[in-house]
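Only one structure is covered here, and it is reproduced in the block below.
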Amino acid sequence: MSLKRSLPLVLILFFVGIVVFLRQPDNGGHRARSALIMGTVVDVRVYGEDEKRLEKALDEAFAEMSRVEQIFSNHIASSEISQLSAATEPLVLSLETVALLKRGQQIALQSSGAFDMTLGAVKKLWNIENNRSRIPTAEELADALEGTGSGALVIDGTEVRKARAGIMVDLGGIAKGYAVDQAVRKLREYGVRSATVNAGGDIRLLGDKNGQPWRIGIQHPRQQDALLLTLKVKDQAVVSSGDYERFFEFNGVRYHHIFDPASGRPARQCQSVTVVADDAASADALATAAFVLGPVDGLKLLEDLPGLKGLLSLLMAVC
Ligand code: AMP
Ligand code: MG
């Protein structure tokens with residue numbers, strides 16, 4: 001693809017795909033725990049001398065992520081987001097939910113609508129997460145897209161109104177990153193200075209590892225055991241969006257879980273995007289947005305972001 005050659009190599013590395021995982025020796029002075037949260041295995045490792053304190057911090061971090069899941073999951077009927085999706089009237093939501101919706105709206109604006117939290121009905125049609133996937137008809141997609149995009153959610157104080165009752169909200173592109181940030185906040189609160197939180201590739205590093213940066217391996221998405229490179233990162237988030245995470249194939253075509261809001265179909269320009277930023281929620285939403293925008297506009301988004309530019313140190317787009 002001639003496009004590849006025209007893009008700045010410093011910021012973009014072209015691979016077939018990327019998944020991020022942590023590479024660190026498992027030596028003493030740490031505690032590790034994993035759990036299934038938001039449909040993803042979340043792995044937290046905390047480092048330090050006081051093992052009791054480490055255990056307590058892990059308890060608190062996991063409790064916090066479960067709390068976040070209860071608010072934002074669209075698999076939990078009582079969650080605020082499920083209630084908003086089902087609502088036919090304006091709904092008063094918590095300050096926390098409104099704040100996350102506003103952050104998402106800001107990234108939607110910055111990405112010219114590529115990041116879209118109102119694709120819940122589209123997601124439901126494809127059913128990619130449930131192993132009962134199917135390709136929706138054009139008519140079904142048009143119905144699901146009706147009223148989505150900018151203006152779909154009107155926020156007034158803590159009251160949220162949908163432009164159309166049928167609009168379904170989905171925070172799948174940002175909530176995992178937010179949960180990771182909240183976990184790190186808890187770990188800090190309980191005195192942890194060195195930790196890694198990895199929610200299925202949404203990673204945040206707290207501090208460093210014995211004075212050295214964390215080493216994060218970037219794995220080839222189409223060749224499970226191949227490592228493409230290792231990043232050295234401290235005190236930042238590394239988040240990937242990819243077409244290898246959740247997908248099905250039909251007639252040789254891969255249908256995955258990141259949708260182009262313009263068509264309601266899987267975005268086709270990238271296979272993976274990795275963003276390094278100061279916080280995981282921003283990195284999460286920006287990776288999803290850049291994935292949809294593709295290498296040229298995606299990179300431009302990350303370069304141009306007013307006020308956010310300094311957050312991004314690396315983008316790897318696979319196209
Ligand atoms: P991520 O893995 O962070 O890229 O997020 C993918 C998830 O975000 C999907 O499973 C959907 O729940 C949701 N999603 C899909 N397409 C979009 C989009 N264009 N904007 C925002 N969220 C999306
Ligand atoms: Mg995301």
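Nothing here was measured: the structure is a model prediction, and the numbers come from that model. Both ligands and their constituent atoms are indexed starting at 1 by order of listing.
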* Applying a 4.0 Å heavy-atom criterion (strictly less than), which segment of Arg246 is in contact with ligand 1: side chain, backbone, both, or neither? -> neither
* **Backbone or side-chain N or O of Lys123 under 3.5 Å from ligand 1 N or O** => yes
* **Protein residue, atom and distance nearest to atom 23 (C) of ligand 1, heavy-atom basis** => Thr288 CG2, 4.0 Å
* Would you call Lys52 and Glu55 a salt bridge, taking side-chain N to carboxylate O under 4.0 Å as the test? -> no
* Asked: Should Gly173 be counted as touching ligand 1, given the test is an N or O pair under 3.5 Å?
  -> yes
* Could you tell me whether the side chain of Glu64 reaches within less than 4.5 Å of the side chain of Glu189, counting heavy atoms only? => no
* To do: Answer whether the closest heavy-atom distance between the side chains of Ser82 and Asn74 falls below 4.5 Å.
  => yes
* Structure fact -> among protein heavy atoms, the one nearest atom 4 (O) of ligand 1 is Ser241 OG, 2.5 Å
* Name all pairs fulfilling the ring-ring contact (aromatic ring centres under 6.0 Å, His included) condition that reach into residues 91-121, sequence neighbours left out, sorted by first residue then second. => none
* To do: Spell out, as yes or no, whether a donor-acceptor pair under 3.5 Å connects the side chain of Arg31 to the backbone of Leu58.
  => no
* **Neighbour count above 12 (heavy atom, 6.0 Å) for Leu95 CG** => no
* To do: Examine Arg268 relative to Phe291 and say whether NZ or CZ is less than 6.0 Å from the centre of the six-membered ring and inside a 45° cone about the ring axis.
  => no
* To do: Just need the protein heavy atom nearest to atom 15 (C) of ligand 1, so name the residue and atom and give the distance.
  => His257 O, 3.2 Å
* Minimum-distance protein heavy atom relative to atom 2 (O) of ligand 1 -> Glu245 OE1, 3.3 Å
* Structural part of Ile258 in contact with ligand 1, heavy atom criterion under 4.0 angstrom -> both
* Asked: Counting heavy atoms only, which part of Asp202 comes closer than 4.0 Å to ligand 1: side chain, backbone, both or neither?
  -> neither
* Structure fact -> atom 13 (C) of ligand 1: closest protein heavy atom, distance to 0.1 Å, is Asp170 OD2, 3.3 Å
* Minimum-distance protein heavy atom relative to atom 16 (N) of ligand 1 -> Phe259 N, 3.0 Å
* **Side-chain heavy-atom pair Leu101, Leu93 within 4.5 angstrom cut-off** => yes
* Take the Mg ion (ligand 2) and tell me which protein N, O or S atoms are nearer than 2.8 Å. => Gly173 O, Asp284 O, Asp284 OD1, Thr288 OG1
* Asked: Does ligand 1 have any atom that is closer than 4.0 Å to a heavy atom of Ala114?
  -> yes
* Structure fact -> In this structure, CG of Leu153 is separated from CG of Leu84 (nearest 0.5 Å) by 6.0 Å
* Structure fact -> Test side chain to side chain donor-acceptor pair (under 3.5 Å), reference Glu80, set Ser85, Ser94, Ser73, output is Ser94
* Residue and atom name of the nearest protein heavy atom (relative to atom 20 (N) of ligand 1), distance in Å to one decimal -> Asp116 N, 2.8 Å
* If you count the atoms of ligand 1 from 1 in the order shown, which ones are under 4.0 Å from a heavy atom of Val292? -> 19 (N)
* Side-chain heavy atoms under 4.5 angstrom apart, residues restricted to Ile, Leu, Val, Met, Phe, Trp, Tyr: same cluster for Leu119 and Met168? -> no
* Of all the non-hydrogen atoms in the protein, which one sits nearest to atom 3 (O) of ligand 1, and at what distance? -> Asp284 OD1, 2.8 Å
* Asked: Between Asp279 and Arg204, does at least one N-O distance fall below 4.0 Å, as a salt bridge requires?
  -> no
* **Residue from Arg103, Arg67, Lys102 passing salt bridge (Lys or Arg N to Asp or Glu O under 4.0 Å) with Glu96** => Arg67
